[in-house]
There are 2 protein chains.
Amino acid sequence: MPTMSAADRREVLRREYNANLAECPGHEILATLSDKWVTLVLSALADGPLRHSEIARIVAGATQKMLTQTLRKLERDGLVQRAVTASVPPRVDYELTELGFGLLPIQRAIKAWAESHIAEVHAARARYDKE
Amino acid sequence: MPTMSAADRREVLRREYNANLAECPGHEILATLSDKWVTLVLSALADGPLRHSEIARIVAGATQKMLTQTLRKLERDGLVQRAVTASVPPRVDYELTELGFGLLPIQRAIKAWAESHIAEVHAARARYDKE
DNA sequence: CAGAATCCCCTACGATACTG
DNA sequence: CAGTATCGTAGGGGATTCTG
């Protein structure tokens, strides 16, 4: 009976590790938070409910597809609520849920750290690239 | 001379917006922070310096390529310091810089929020998926 | 031990067009 | 206005192999 090679054993460990990682709350939230458009949509909604087209205007960088996709994801995660008013033309409003509001302080913390340390990061990069 | 179509104008706006976004400190840091392996390497180094192979053992899910790539990026951003001891076999130690340590509280904040709210997120998902 | 280099796949995103 | 559906592509990441 063949023994596992060292490489095989390492790969088993890798798969286990990654499986655990997928269930790690921190990474789930980080995955949400780090989505390019999530942050922007969240900030846009911080001041109050907005219609789809209003969000599109504010978050002008997103394609319509990405916008809808982002909103769906946020809705699914319970961070954003969708309110449809049946009429012609249809009216759809989005607003943050309580859970969604809870994420804002974290976003602000990241932004604050970023703004006060970005210069150091840029300096470090310049140093690194020069060599 | 042809006037710009509405679609063209929108696209110009999109490009400008995205260009600005690339320079936004918040997004730069978020991009770093959200990298799958950055978080794990950072936490691994939180307790003190480690050798390359030790990090590889702790962050067992990363391939060698990803590990080196991550470490280089962190080094470039001035978050991690690399100390080479010329010998046979070579010895390379990595440790957090002061800047790197500064990132840990943010990571912890995200983790804390995640752990106390992940249940709500999962519940919301279950609700959404059922419909 | 530390790591650079290569190949290759897969999906995330953008562009475009159509519907209620 | 608020979406869905489809297609094409660039890049991130994994597996593998090779060096000092």
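Only a predicted model underlies this, so the values are computations on that prediction, with no experimental measurement involved. All chains are named by letter (A, B, ...) in the order of the sequence lines, taking the proteins before the strands, and each is independently numbered beginning at 1.
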Non-neighbouring partners of B:Ala56 that pass side-chain contact (heavy atoms from CB on, under 4.5 Å), sequence neighbours left out: B:Leu67

Rounded to whole angstroms, how far apart are CG on A:Asn18 and C1' on D:dA15? 14 Å

Applying the side chain to side chain contact (heavy atoms under 4.5 Å, CB included) criterion to B:Val41, which one of B:Leu74, B:Leu79, B:Leu96 satisfies it? B:Leu74

Any protein N or O atoms within reach of nucleotides 10-12 of chain C? Criterion: under 3.5 Å, listing atom names and distances.
none

Is the distance from OP1 or OP2 of D:dA15 to the nearest side-chain N or O of A:Arg15 less than 4.0 Å? yes

Is the phosphate of C:dC1 approached by B:Tyr94 (side-chain N or O, under 4.0 Å from OP1 or OP2)? no

Salt-bridge contact A:Arg125-B:Glu28 (side-chain N to carboxylate O under 4.0 Å): yes

Any donor-acceptor N/O pair, B:Thr70 side chain to B:Trp37 backbone, under 3.5 Å: no

Which whole-number value in Å describes the distance from A:Leu71 CG to D:dA2 C1'? 11 Å

Hey, is B:Arg127 close enough to B:Asp129 for a salt bridge, meaning N to O under 4.0 Å? no

In whole angstroms, how far is the P atom of D:dA2 from the NE2 atom of A:His52? 6 Å

I need the NZ-C1' distance between B:Lys73 and D:dG13, as an integer number of Å. 11 Å

Between A:Arg14 and A:Asp93, just flag the one whose closest nucleotide in DNA chain D comes earlier from the 5' side. A:Asp93

Counting the atoms with a prime plus P, OP1 and OP2 as sugar-phosphate, which does A:Arg82 contact under 4.0 Å by heavy atoms, base, sugar-phosphate, or nothing? sugar-phosphate

Please produce a list of atom pairs where a protein N or O lies less than 3.5 Å from an N or O of nucleotides 16-20 of chain D.
none

Given atom CG of B:Leu67 and atom P of C:dC1, what is their separation to the nearest angstrom? 14 Å

Under-4.0 Å side-chain N/O to phosphate OP1/OP2 contact, A:Ser53 with D:dA2: yes

Once rounded to the nearest 0.5 Å, what's the spacing between atom CD of B:Gln107 and atom CG of B:Leu40? 8.0 Å

Please determine whether residues A:Val12 and B:Val59 belong to a single hydrophobic cluster, defined as Ile, Leu, Val, Met, Phe, Trp and Tyr linked transitively by side-chain heavy-atom distances below 4.5 Å. no

Can you tell me the distance, in whole Å, between the NZ atom of A:Lys36 and the C1' atom of D:dG12? 15 Å

Is a salt bridge present between A:Asp8 and A:Arg10, judged by a nitrogen-to-oxygen distance below 4.0 Å? no

Any side-chain N or O of B:Arg51 below 4.0 angstrom from OP1/OP2 of C:dC1? no

B:Ile110 and A:Phe101: same hydrophobic cluster, using ILVMFWY side-chain contacts below 4.5 Å? yes

